[in-house]
There are 2 protein chains.
Amino acid sequence: MTFDAIDRELLKLLQNDSKQTNKALSLQLNLSVTAVYERIKKLEKSGIVKQYVALVDKSKVKKDFVAFCHIKLVQHSQDYVVKFEREVNQLHEVLECYHLSGDYDYLLKVLVKDMKAFREFMVEKLTKIDHIGSTHSMFMINEVKHTTAITL
Amino acid sequence: MTFDAIDRELLKLLQNDSKQTNKALSLQLNLSVTAVYERIKKLEKSGIVKQYVALVDKSKVKKDFVAFCHIKLVQHSQDYVVKFEREVNQLHEVLECYHLSGDYDYLLKVLVKDMKAFREFMVEKLTKIDHIGSTHSMFMINEVKHTTAITL
DNA sequence: CATGAAATTTTCTCCAT
DNA sequence: ATGGAGAAAATTTCATG
């Protein structure tokens, strides 16, 4: 599917505030409400807009201890990789998990309440997963920037 | 502010799909539409729900080259840190930036179109920032998991 | 893509617990 | 204070040109 400059501007607005009314959007884009409505539907149908979510302030809910864990697997056979990835997907503490180049390695972003909870997560959950070779964790001191908005 | 089990369930639903109508939410929570409405307003007022956003599918817009850059500053004086953080905030390619423990170090998540664009980003933008000592980049092979939803 | 009408949803008021 | 029912206001959605 193709998207033009107006779609790009529309996506920018929606990525920043998806609760704006189509009327508000139409004013910013100099379009009619219907035109905005149809463009949004097109972006949703095509899958470019994949989800609408509410973002929760971590610190307001007392859950702002963030750790990054580098993980190496003992072996990298298809089986182990698939199994590891499936198990990681089920851990709610893991917000992000990336398979990285370099050392056939994973990077996990883990969110818990505090250091104690992190220790428990490591002992009770992460290291219970088979085939993990080594881990190396770093802790967040400060979140300098965090956006979900992609510039197009 | 306090939030109970119903608020927690409501946050779970909103973090997954913020476009549900209050009626749909009321059915899932066994509440009236008004009760849902008031709870949502309370969560917004208190800042627990800080933003509503549309999530864009990176691969659908041909922008799915993700790099993680570890950065060390030459010095760690207040001035340098503040300046570095301000500049990073203005780079649209940087989606996330964390100040980490350990080596007085930063971790950046960078999103660009492809390796060529990443090279340009490094040469033209990142290394143009003063006081950067060393950088180390890793590239994403696969996004195993990525959620914005916090479990409460 | 715009206009205008219909359907749905949000939002408010009032009342009960 | 908290939540429910229903009316009013606003918005989304659709038909037509």
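First the proteins, then the strands, lettered A, B, ... as listed; each starts at 1.
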Taking only N and O in the side chain of A/Arg39, is any of them less than 4.0 Å away from OP1 or OP2 of C/dC1?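 True: A/Arg39 side-chain N/O within range (under 4.0 Å) of C/dC1 OP1/OP2.
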Nearest-Å distance for atom pair [atom1]/[atom2], residues [X] and [N]:
{"X": "B/Tyr37", "N": "C/dT10", "atom1": "OH", "atom2": "P", "answer": "10 Å"}
{"X": "A/Lys41", "N": "C/dC1", "atom1": "NZ", "atom2": "P", "answer": "17 Å"}
{"X": "A/Glu44", "N": "D/dT13", "atom1": "CD", "atom2": "C1'", "answer": "12 Å"}
{"X": "A/Leu29", "N": "C/dA2", "atom1": "CG", "atom2": "P", "answer": "11 Å"}
{"X": "B/Asp4", "N": "D/dA1", "atom1": "CG", "atom2": "P", "answer": "17 Å"}
{"X": "A/Glu38", "N": "C/dT3", "atom1": "CD", "atom2": "C1'", "answer": "12 Å"}
{"X": "B/Ile6", "N": "D/dA1", "atom1": "CD1", "atom2": "P", "answer": "19 Å"}
{"X": "A/Lys23", "N": "C/dA2", "atom1": "NZ", "atom2": "C1'", "answer": "15 Å"}

Between A/Lys116 and A/Glu120, is the closest basic N to carboxylate O distance under 4.0 Å?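 Result for this pair is yes, salt bridge flagged.
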Could you tell me whether A/Glu96 and B/Lys145 have a side-chain N and a carboxylate O separated by less than 4.0 Å?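 Looking at A/Glu96 and B/Lys145, the cut-off is not met.
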Listed nucleotide nearest any side-chain atom of A/Thr21, set D/dT12, C/dA2, C/dT10: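 The answer is D/dT12.
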Between C/dT9, C/dC1, D/dG4, which nucleotide has the shortest distance from any of its atoms to the side chain of B/Ser32?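 Taking heavy atoms from C-beta onward, the closest nucleotide is D/dG4.
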For the base of D/dA5, is there a side-chain donor-acceptor partner from B/Thr34 under 3.5 Å away?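 Pair found.
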Looking at B/Val94 and A/Thr147, what are the two nearest heavy atoms and their distance?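 Where B/Val94 meets A/Thr147 most closely, the heavy atoms are O-CG2, 4.3 Å.
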With a 6.0 Å cut-off on the ring centroids, do B/Phe68 and B/Phe139 count as close?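 No; B/Phe139 has its ring centre 6.0 Å or more from that of B/Phe68.
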